[in-house]
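Here is the naming used below: chain letters follow the sequence lines, and residue numbers restart at 1 for every chain.
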Amino acid sequence: MRWSRYFLYTLKEDPAEAEAPSHKLLLKAGFIKQVSAGIYEILPAGWRVIRKIESIVRKEMDRSGAQELLLTVLNPAELWKETGRWESYGNELFRLKDRNGREYCLGPTHEEEITDLVRKVVHSYRQLPLILYQIQVKFRDEKRPRFGLIRGREFIMKDAYSFDADDFSAMMSYENMKFAYDRIFKKLRLNVIMAQASVGQIGGTQSHEFIAFTDYGEAKVGYCKNCGYAANAEIIPLQKPQPQEEEEKPIEKIHTPNVRTIEELAKFLSVPPSKILKAVLYMVNDREPVLVLIRGDRDIDENKLEAVLGTEDFRLAGDEEVKDLLGTEKGFIGIFNLPEGVKVLWDNSVYGVKNMVVALNEPDYHYINANPGRDFEYGEFVDVAEIIEGDPCPQCSSPLKVKRGLELGHIFLLGTRYSEPMKAYFTDQEGKERPIIMGCYGIGISRVMAAIVEQYHDERGIKWPTPVAPFELDILCLNMSDPQLTQVAEKLYMEAEEKGIEVIYDDREESAGFKFADADLVGFPYRIVVGKKVKEGKVELQKRSTGERWDVPMEEAIDRVKEMIAEDKK
RNA sequence: CGGGGUGUAGCUCAGGUGGCAGAGCGUCGGCUUUGGGAGCCGAAGGUCGUGGGUUCAAGUCCCACCACCCCGACCA
């Protein structure tokens, strides 16, 4: 490909709207263009990367025995009504009507459709097990699209679905996919950890996430270097700690005017935040008050709270509600003088803390040295604290590491969550009708592209790993008005094409510096510089990932590159 | 959905107190230049996010709306 004819235009300045490195660099290097919030066009260079990612995924899926097909984007509402998700999926679902008023949605995922397909075709245990998959554009009207390709409202996804006759077989399919995912992320050169996860909206009995470590990830994963445990932070349990051994001091009421936050209070009273009882008032179903008590140095993980409450319909109480219900202000909410009808939940972290600082629902006052059993009684204990670095591993109690990451893949053992309501039954060996056991397995293809950029870039641009690079080699002719140079460059370009290298020839009428800067930014793994060394019969070979450079005789250059590419792709 | 911010040329931005719409980069024409985003000369390019209001006069003041970005809760 000649760059002078190629639809690849880079930006000189950082795009104002981008923050995350992948977002910034993909825009700047001309891989994507924004159309509206969370909706992007993928330009030719970007599409080459996507297609390479897809082909790696495809190869491993096929190898695992899965079969590719293509489902529809336009899904009839009826299928979604069968599983109840037409309602429960909420505003995330893009809904529309045809000319006859019939309702559809743009597919955000395809459990319904695939189950419908399979129930129409599969009737016997002889047709199982079965794994089907597709690579397709998905639509989700996200509350908050962000970071470019990291969270779009329209994105490319590989989704696979397994169908088995019994639980054991389903487990085998699940394990099969686990291994396939492991191979896929290795081939994509991504640093990914597999973590236990919650089943969430999709439902099911078991799930794992594949999380790439990045600064702009939205997932938090806790993992243990000692025993290998890894899980999404929102499902890591925290037990009650050992009660503190400490002499109980007399309780005392202290005037704390305008001291509201934990930090202010800790400073004002000269106590560590861990001695303060933090009280947070939530409104469940818009009107049932629930008071959550947690240690002052801890935060509430609202995912855990959702699991405890059994509903996602809750929110922090407003200032007015706090005043109406408790007769006080935020900052002075406590366990004393609580009105009837306020449910109280104690987080495990509070257990056994002695000589606590506690508010009493009276503005500008706190108790110090409050002690359980003497000054107040515990209520129901729950686990709602956010995991922090150093918390004990639930398997071996070693301190956990906590890191941010980006969820690239998610696999679920669904059981009969879809086959039961949709009556996807088969006849077993005994002639009995039974629901098919299902699993589903997703990889965010376009998000993978962003994740690769997050893990492979520097201050000058992207450093594509060779297996996913838009082109493997960039030939730079530094002076297009020097016929000696253009002749050499042309020859190398032809030779590279002949030898099967994916090559782009920078034949643009631009200055040397311009071409170097673009080569760094776009991030081709190898570069051959045709410049003044041609007089000595040499060109310069450069490797983007390491910055290494070699002067090589012109006639050897392409073969050298070819070897290095082959090495990279192993 | 709650909180914060931004909308002016293709891009990045400047335009106290209302008074002729600007710069750099890019683009087009010409000359010169070619190992790290070159230089000179000339030119084109704008419903100042949209609608309304105040005013002799609005990019600027007021109201409403829209879009985009960032922080929080959901997801691949």
Side-chain angles (χ1 to χ4, degrees), chain A residues 9-20 23-24 27-28 33-39 89-92 108-109 136-138 140-160 181 197-202 207 209-212 216-219 232 234 282 299-303 305-306 312-316 318 406-412 440-451 460-461 476-482 485-486 508-521 527 529-534 539-540 542 549:
Chain A
Y9 301 97
T10 58
L11 269 34
K12 191 166 178 182
E13 287 175 86
D14 281 354
E17 72 271 20
E19 184 107 338
H23 189 196
K24 201 180 285 185
L27 284 168
K28 200 176 173 188
K33 205 87 180 160
Q34 183 173 32
V35 174
S36 71
I39 302 179
Y89 219 96
N91 290 329
E92 230 100 300
T109 174
Q136 188 205 40
V137 175
K138 298 281 189 267
R140 293 183 191 172
D141 197 355
E142 296 281 350
K143 287 169 196 162
R144 183 147 107 82
R146 58 174 151 176
F147 302 145
L149 257 32
I150 287 180
R151 181 196 226 36
R153 294 194 294 168
E154 178 180 321
F155 60 98
I156 302 168
M157 178 169 162
K158 186 282 309 178
D159 47 323
Y181 273 40
S198 82
V199 294
Q201 166 67 260
I202 304 274
S207 94
E209 288 169 338
F210 292 79
I211 296 174
Y216 277 84
E218 300 177 296
N232 191 310
E234 70 197 38
Y282 283 92
D299 289 315
I300 295 169
D301 183 329
E302 293 194 351
N303 290 301
L305 183 60
E306 181 181 329
E312 55 181 304
D313 187 9
F314 64 88
R315 56 172 172 81
L316 281 173
L406 192 52
E407 183 188 341
L408 298 181
H410 202 160
I411 62 178
F412 299 82
C440 71
Y441 315 87
I443 291 180
I445 300 285
S446 39
R447 183 182 277 184
V448 162
M449 172 153 87
R460 292 206 303 265
L476 284 72
C477 180
L478 292 192
N479 185 353
M480 291 308 289
S481 47
D482 181 340
L485 295 193
T486 53
R508 296 173 300 174
E509 306 274 349
E510 296 288 355
S511 70
F514 188 97
K515 292 186 177 182
F516 281 123
D518 258 4
D520 287 335
L521 175 62
R527 160 185 337 171
V529 180
V530 180
K532 55 193 175 194
K533 286 168 194 154
V534 162
V539 292
E540 189 174 288
Q542 300 184 8
R549 303 172 177 201

For the side chain of [X] and the base of [N], is some donor closer than 3.5 Å to an acceptor across the two?
X	N	value
A:E540	B:rG35	yes
A:E510	B:rG36	no
A:N479	B:rG35	no
A:R549	B:rG36	yes

> Does A:K158 use its side chain to pair, donor to acceptor, with the backbone of A:Y441 at less than 3.5 Å?
Replying inline: yes
> Looking only at atom types and distance, does a side-chain atom of A:R146 sit under 3.5 Å from a main-chain N or O of A:R151, one as donor and one as acceptor?
Replying inline: no
Is there a Watson-Crick or G-U wobble partner for [N] with both distances under 3.5 Å, and if so, which one is it?
N	result
B:rU27	B:rA43
B:rG2	B:rC71
B:rG35	none
B:rC13	B:rG22

> Among the nucleotides B:rG35, B:rU12, B:rG37, which one has an atom lying closest to any side-chain atom of A:K533?
Replying inline: B:rG35
>> Checking contacts here: which listed nucleotide (B:rU12, B:rC71, B:rC68) is nearest the side-chain heavy atoms of A:R146?
In response: B:rC71
> Does the side chain of A:S511 get closer than 4.0 angstrom to OP1 or OP2 of B:rA38 through an N or O atom?
Replying inline: yes
> For B:rC69, does either OP1 or OP2 sit under 4.0 Å from a side-chain N or O belonging to A:Q34?
Replying inline: yes
> Taking the same atom, P, in B:rC48 and in B:rA21, what whole-Å distance lies between them?
Replying inline: 11 Å
> Would you call the rings of A:Y181 and A:F210 parallel, tilted or perpendicular, where under 30° means parallel and over 60° means perpendicular?
Replying inline: tilted
>> Tell me whether the ring of A:F514 lies stacked over the B:rG37 base, given a 5.5 Å limit on centroids and a 30° limit on the plane angle.
In response: no
